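Note sheet for the following structure.
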Amino acid sequence: MRNSSENLANGVRTVVVPAAGMGTRFLPATKTVPKELLPVVDTPGIELIAEEAAQLGAQRLAIITAPSKGEVMRHFEEFPELAATLAERGKDDLVKKVERAADLIDAVSVTQDQPLGLGHAVGLAEDVLEPDEDVVAVMLPDDIVLPIGVMEQMATVRNELGGSVLCAFNVSPEEVFNYGVFDVEDVSEECSLPEGSVKKVLGMVEKPEPQDAPSTLVAAGRYLLDREIFSALKRIKPGKGGELQLTDAIELMIQEGHPVHIVIHEGKRHDLGNPAGYIPANVDFGLRHPKYGPAIYKSVKQVIEAFETELPDS
């Protein structure tokens with residue numbers, strides 16, 4: 001499934017995946033298992049990201065890892081002995097699962113020695129890019145955006161309007177304090193995406209109170225950034241905890257006249273970064289699984305019915 005140099009219709013060769021976090025919200029499990037390898041049903045979240053990157057047409061997955069998280073890169077290696085054993089036992093379907101990650105895309109490691117923020121992590125990927133790459137995609141592994149395909153739409157907007165393009169979701173006013181929120185205006189230029197689905201970004205506000213939010217459009221872990229982002233990252237100042245924020249670099253680019261747009265995604269998003277989002281993601285994917293779906297539906301329904309009978313006001 002790896003993409004050749006001829007399959008670059010979207011212009012994206014490299015996808016950056018920041019995966020150096022400690023996964024503290026999943027302790028004690030993440031003492032030994034990186035958060036990115038926790039399975040969504042039977043597939044690690046990082047492999048779902050690799051699948052999305054491959055579908056976009058990218059050739060390279062630049063995974064930003066911590067020195068202690070070598071298992072993340074190990075997942076993208078080949079496992080010939082395991083595959084051979086499974087093949088000997090006639091388990092061809094499992095052989096395909098074992099070999100899938102290595103076949104999806106070329107995964108390369110970039111080490112982040114200290115947790116200095118998302119902006120710092122993205123900036124480390126500059127050395128992985130080839131000199132003529134003028135755009136880089138960033139996919140946050142905690143965010144699963146469904147259905148897959150929003151990055152292709154973002155690439156279309158970049159091709160038509162230039163600059164950088166981000167993915168956005170519309171949330172309720174009560175939820176905006178959890179996110180980076182966009183200040184936007186309507187697009188005046190011609191765009192092939194449906195009317196109203198693309199907005200021009202005037203600025204971003206990080207986790208505002210509802211009364212201070214400029215809109216209910218929030219960032220959703222998918223970025224298609226002009227290479228100029230690396231220059232901006234070198235010129236911003238660290239914020240709280242000495243961290244460099246990607247949103248600060250994007251804001252600087254906007255101030256300097258760099259066009260930034262959002263694509264408002266009409267779909268759903270799962271947050272794998274905490275148990276309250278990870279568990280529903282497993283239920284959602286599990287219900288749609290061709291093998292496990294019917295049994296999961298029956299079991300989940302029974303669990304919910306039993307739980308509701310135990311509520312104090314039931």
Side-chain angles (χ1 to χ4, degrees), residues 3 5 8 10-21 49-50 52-53 56-67 72-73 105-143 150-151 154-155 157-159 161-168 180 182 200-204 206 219-263:
N3 297 297
S5 57
L8 290 170
N10 293 308
V12 179
R13 278 182 258 173
T14 302
V15 172
V16 178
V17 182
I49 296 295
E52 185 177 353
L56 177 63
Q59 297 174 321
R60 184 186 305 109
L61 201 69
I63 303 177
I64 315 300
T65 59
V72 174
M73 297 307 304
I105 197 169
D106 182 21
V108 297
S109 176
V110 179
T111 302
Q112 185 182 31
D113 292 320
Q114 294 179 302
L116 298 177
L118 177 58
H120 179 260
V122 171
L124 292 174
E126 183 178 15
D127 291 340
V128 175
L129 270 65
E130 296 172 12
D132 61 342
E133 286 187 74
D134 63 353
V135 61
V136 60
V138 178
M139 297 182 184
L140 303 190
D142 286 351
D143 290 332
V150 68
M151 293 296 293
M154 292 160 61
V157 173
R158 173 177 160 83
N159 289 337
L161 305 181
S164 298
V165 187
L166 286 63
C167 177
F182 296 109
K200 183 176 182 179
V201 180
L202 303 177
M204 294 184 69
E206 191 66 29
R222 296 292 182 275
Y223 307 81
L224 195 59
L225 302 171
D226 189 272
R227 192 174 182 131
E228 179 63 25
I229 190 66
F230 296 113
S231 171
L233 285 167
K234 293 170 184 174
R235 291 182 287 122
I236 61 173
K237 295 181 179 179
K240 184 177 180 181
E243 295 188 348
L244 291 175
Q245 299 300 332
L246 184 61
T247 52
D248 288 344
I250 295 172
E251 179 70 27
L252 176 60
M253 292 169 68
I254 293 171
Q255 293 173 4
E256 295 178 344
H258 180 89
V260 176
H261 296 86
I262 56 170
V263 171

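Here the structure is a predicted model, which is why all the values come from computation and not from measurement. All heavy atoms count here, side chains included; hydrogens, waters and symmetry mates do not.
Side-chain atoms of Met154 and Arg222, non-hydrogen and from C-beta on, do get closer than 4.5 Å to each other. The shortest side-chain heavy-atom distance between Phe182 and Leu166 falls under the 4.5 Å cut-off. By the 4.5 Å heavy-atom criterion applied to side chains, Lys234 and Glu126 are counted as neighbours. Ile236 is not listed as a side-chain neighbour of Gln245, based on a closest heavy-atom distance of 4.5 Å or more. For the pair Met253/Leu225, no side-chain contact is recorded, criterion being any heavy-atom separation below 4.5 Å from C-beta on.
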Practice task
Tell me, with the steps shown, if Val201 and Ile250 meet side-chain contact (heavy atoms from CB on, under 4.5 Å).
Solution key: CA-CA 10 Å; Val201 180; Ile250 295 172; over 6 Å; no
Exercise for the section: Please test Phe230 against Val136 for side-chain contact (heavy atoms from CB on, under 4.5 Å), starting from the C-alpha separation and ending with a verdict. Expected result: CA-CA 10 Å; Phe230 296 113; Val136 60; 4.2 Å; yes
Exercise for the section: Walk me through it: do Gln59 and Asp106 pass the test side-chain contact (heavy atoms from CB on, under 4.5 Å)? Expected result: CA-CA 6 Å; Gln59 297 174 321; Asp106 182 21; over 6 Å; no
Handout entry: Worked check of side-chain contact (heavy atoms from CB on, under 4.5 Å) between Asp226 and Arg158
Key = CA-CA 9 Å; Asp226 189 272; Arg158 173 177 160 83; 3.4 Å; yes
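Annotation: salt bridge (charged side-chain N to carboxylate O under 4.0 Å, His left out) contacts involving residues 245-258, sequence neighbours excluded, comprise Arg235-Glu256.
Take Pro131 and apply the side-chain contact (heavy atoms from CB on, under 4.5 Å) test, not counting sequence neighbours, and it matches no residue. By the side chain to side chain donor-acceptor pair (under 3.5 Å) test, Glu133 pairs with Thr14, Arg60, sequence neighbours left out. Every side-chain contact (heavy atoms from CB on, under 4.5 Å) that Asp132 has, sequence neighbours left out, goes to Arg13, Glu130. Residues passing the side-chain contact (heavy atoms from CB on, under 4.5 Å) test with Asp113, sequence neighbours excluded: Pro67, Thr111. Considering only residues two or more places apart in sequence or on other chains, Leu124 meets the side-chain contact (heavy atoms from CB on, under 4.5 Å) condition with Ile64, Val110, Gln112, His120. Thr65 is linked by a side chain to side chain donor-acceptor pair (under 3.5 Å) to Ser109, counting only residues two or more places apart in sequence or in another chain.
Taking all atoms of both residues into account, the shortest heavy-atom contact from Ala137 to Leu56 is CB-CD2, 4.4 Å. Between Ile105 and Ala58, the shortest heavy-atom contact is CD1-O, 3.7 Å. Taking each heavy atom of Pro18 and Ala121 in turn, the nearest pair found is CB-CB, 4.3 Å. Pairing each heavy atom of Gly11 with each of Val135, the nearest pair is O-CG1, 3.2 Å. Annotation for Ala249 and Leu233: closest pair CB-CD2, 3.5 Å, computed over non-hydrogen atoms.
Rounded to the nearest 0.5 angstrom, Glu228 CD and Leu252 CG are separated by 8.5 Å. Taking OG of Ser164 as the start and CD1 of Ile254 as the end, the distance is 9.0 Å to the nearest 0.5 Å.
Residue Leu140 forms a side chain to side chain contact (heavy atoms under 4.5 Å, CB included) with just one option from Ile49, Leu118, Leu246, and that option is Leu118.
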